There are 2 protein chains.
Amino acid sequence: MLPDLKLAPMRYVLAILDAGGFHAAARQLHRSQPAISMAVRDLEERLGQPLFEKGGGKALLTPFGHWCVPRFRELVAHHDRVCRDALAIARQQHGRVDIAAVPSVASRLMPALLAGFLQRYPGIDISLQDGHSERVNDMVLKGEVELGITSLWLPDEALSFEALLHDDIGVICRDDHPLAQQKALHWRALKPYTLIRNGTSRLLEGSPAAELLTHSTLYISNMISLTAMLEAGIGVTTLPRLAFQEEHKRLRFIPLATPHLERQMGLLRRSGQSLSPAADAMYHYLMAQLGEDEKR
Amino acid sequence: MLPDLKLAPMRYVLAILDAGGFHAAARQLHRSQPAISMAVRDLEERLGQPLFEKGGGKALLTPFGHWCVPRFRELVAHHDRVCRDALAIARQQHGRVDIAAVPSVASRLMPALLAGFLQRYPGIDISLQDGHSERVNDMVLKGEVELGITSLWLPDEALSFEALLHDDIGVICRDDHPLAQQKALHWRALKPYTLIRNGTSRLLEGSPAAELLTHSTLYISNMISLTAMLEAGIGVTTLPRLAFQEEHKRLRFIPLATPHLERQMGLLRRSGQSLSPAADAMYHYLMAQLGEDEKR
DNA sequence: TAAAATGATCAGTAAAACTTACCACCTTAA
DNA sequence: TTAAGGTGGTAAGTTTTACTGATCATTTTA
């Protein structure tokens, strides 16, 4: 019923009009002139009506041709628009990535990383939101974001995790605290002091230092409240180094030497679901940037 | 720069989604399954990004595929719409004809003809306007209408005329007029009577009867005024038979036997300019209908 | 665990699109 | 007038593209 009209002959028709003749169109399209003639004739046969007047020496449209040409123009323009947009996205010149990151990464690492990414891929829109590790995990799993930066949580069938960097656990205390001058600590050195637990305290679980948690009576989830407590000298806490905000002048970070604890930070994505071109660019960019940092 | 993305592979992609798989799509499209696979792979290569997830057994879209598919849908739908409309016009299922006709034809012949045409081509819009022969000529020449029905005026390079029917010239008089009972007349029989000239009187020119015009002092262009004059018994006039309105009970039409005068009615169109499909249908319809009438 | 799906691959083939060479026609300029 | 330079159309042959049929590797279903 519908003879499948191809776009190329329509392009030829438009070129004939724009260039003002079959020969001129052929030159413009880098085709031979007979190719144009034959394609146009074929198109006319499919339509069942001529598009060009046959008699005169010049290329003039029939009334039917006059009706067709504007629609051909629109259709070809539509086609080109779709192609251009699709290619721009495929080539990562446009697009959008939604990322989630654990607060420490989001605030300490991402600003510099995203600045570099934006420079490299000026057309890509980025959305970054932070959340604790379970939330990041969940957002990736539910497809709310394509990429997550978090410490490895539960290994999951539906998620794939690529390690990026290690983040050492240490103790945070005020500069006048007895431990403040130490270079490294054994976990037992903490026993005499008040330990404030926080969201990252679970990183101690499964290690000898877990014993400390059982004696702790204070839990603060909010980082601002936590630093306020520490600055007030109420006690000490453990944090990954990245989560320690160096701008607090009176607080010190002392690495925990025994046991040596670290959290593994990495890129989380859904397995079995490939990334959008933009997210793919982000994925490889982060791997390259942070993998490099790791080597130093 | 722009790899020319063809519509067929886009159709394949859509069919894969609709049918739920490569095999099902192949069946639906009456193609072999490898044809689908290869076309999709080619499309993906042109875009530079896969559209379908490769791992799993099922046909699932990548995020990039999800972005592309709605645009492919729109584009394909646009293409089909243009094709369908163009074919409908080419096949004379839609379209528009503008016609002009001399008043006698417009009022006496066209109603029945157009009724038949409308029945045969229900989708075609028709515009009919009347005017005297020079005006019809002019409208065709200026492209205001595609077809004109008129008596041959000046043979013109830019116009082509196809004869349709002969229209005999006769005399119109009231039923109580001395000539009213005649079957046919010689022009000299009119000499004693008042001759009212009208727009068609020029048809007498170039014949012996032209002498009558020189003695006529009354010219009425409007047909309603003319019949009123005739019914009032003011005089007689000459008219082509078609222009004589038979519903005037007191008026008689007597053919002019010597000289036998007739106007040649025909279809006028621009030469060198082909007709729109709808006008072409009208052209051939009129030729067939009136040519047939002529034979009877 | 066999059977029946899925999609991918490869060689061969049929169809399309294109090129080269040539023709017929019209217009323009010497 | 003729010849040159333009128009587009035609025919044979070649390249490119699109497709089929047979076959394979996997995964899913029974």
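Every chain is numbered from 1 and lettered A, B, ... according to where its sequence line falls, protein lines coming before strand lines. Quick caveat, the model's predicted, so the values are computed rather than measured.
Separating the CG atom of B:D4 from the C1' atom of D:dT17 is a distance of 13 Å, rounded to the nearest angstrom. One can place CD of A:E45 at 12 Å from P of C:dA17, the figure rounded to the nearest angstrom. Whole-Å rounding puts the B:F22 CZ to D:dT27 C1' distance at 15 Å. For A:I36 and D:dT7, the CD1 to P distance is 13 Å, given to the nearest whole Å. One can place CZ of B:R11 at 13 Å from P of D:dC19, the figure rounded to the nearest angstrom. Spacing between atom CG of A:L60 and atom P of D:dT7 amounts to 14 Å, rounded to whole angstrom units. Rounded to an integer number of Å, the gap from B:K54 NZ to D:dT26 C1' is 15 Å. For B:F52 and C:dT6, the CZ to P distance is 14 Å, given to the nearest whole Å.
Of the candidates C:dA8, D:dG8, D:dT17, the closest approach to any side-chain atom of B:S37 belongs to C:dA8.
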What nitrogen or oxygen pairs link the protein and nucleotides 18-25 of chain C at under 3.5 Å?
residue: C:dC18; atom: OP1; partner: A:Y12; partner atom: OH; Å: 3.0
residue: C:dC18; atom: OP1; partner: A:R31; partner atom: NH1; Å: 3.1
residue: C:dC18; atom: OP2; partner: A:Y12; partner atom: OH; Å: 3.4
residue: C:dT19; atom: OP2; partner: A:S32; partner atom: N; Å: 2.7
residue: C:dT19; atom: OP2; partner: A:S32; partner atom: OG; Å: 2.7

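OP1 or OP2 of D:dA18 sits under 4.0 Å from a side-chain N or O of B:K6. A sub-4.0 Å separation between OP1 or OP2 of C:dG7 and a side-chain N or O of B:R41 is absent.
Relative to the six-membered ring of A:Y283, A:R269 meets both conditions, a distance below 6.0 Å and an angle of at most 45° to the axis.
For A:E146 and A:S276, the side-chain atoms include at least one donor-acceptor pair closer than 3.5 Å. B:R202 and B:S151 share no side-chain donor-acceptor pair at under 3.5 Å.
Atom CE of residue B:M265 and atom CZ of residue B:F161 lie 7.5 Å apart, to the nearest 0.5 angstrom. Atom CG of residue B:L267 and atom CD1 of residue B:I149 lie 5.5 Å apart, to the nearest 0.5 angstrom.
The side chain to side chain contact (heavy atoms under 4.5 Å, CB included) test with A:I99 is passed by exactly one of A:I126, A:V105, A:V140, A:V136: A:I126.
Residues A:D42 and B:G21 both approach DNA chain C. Their nearest nucleotides, taken by heavy-atom distance, put B:G21 toward the 5′ side.
A donor-acceptor pair under 3.5 Å is formed between the side chain of B:E53 and the backbone N or O of A:S274.
Looking at A:H23, its side chain has no donor and acceptor atom pair within 3.5 Å of the base of D:dG6.
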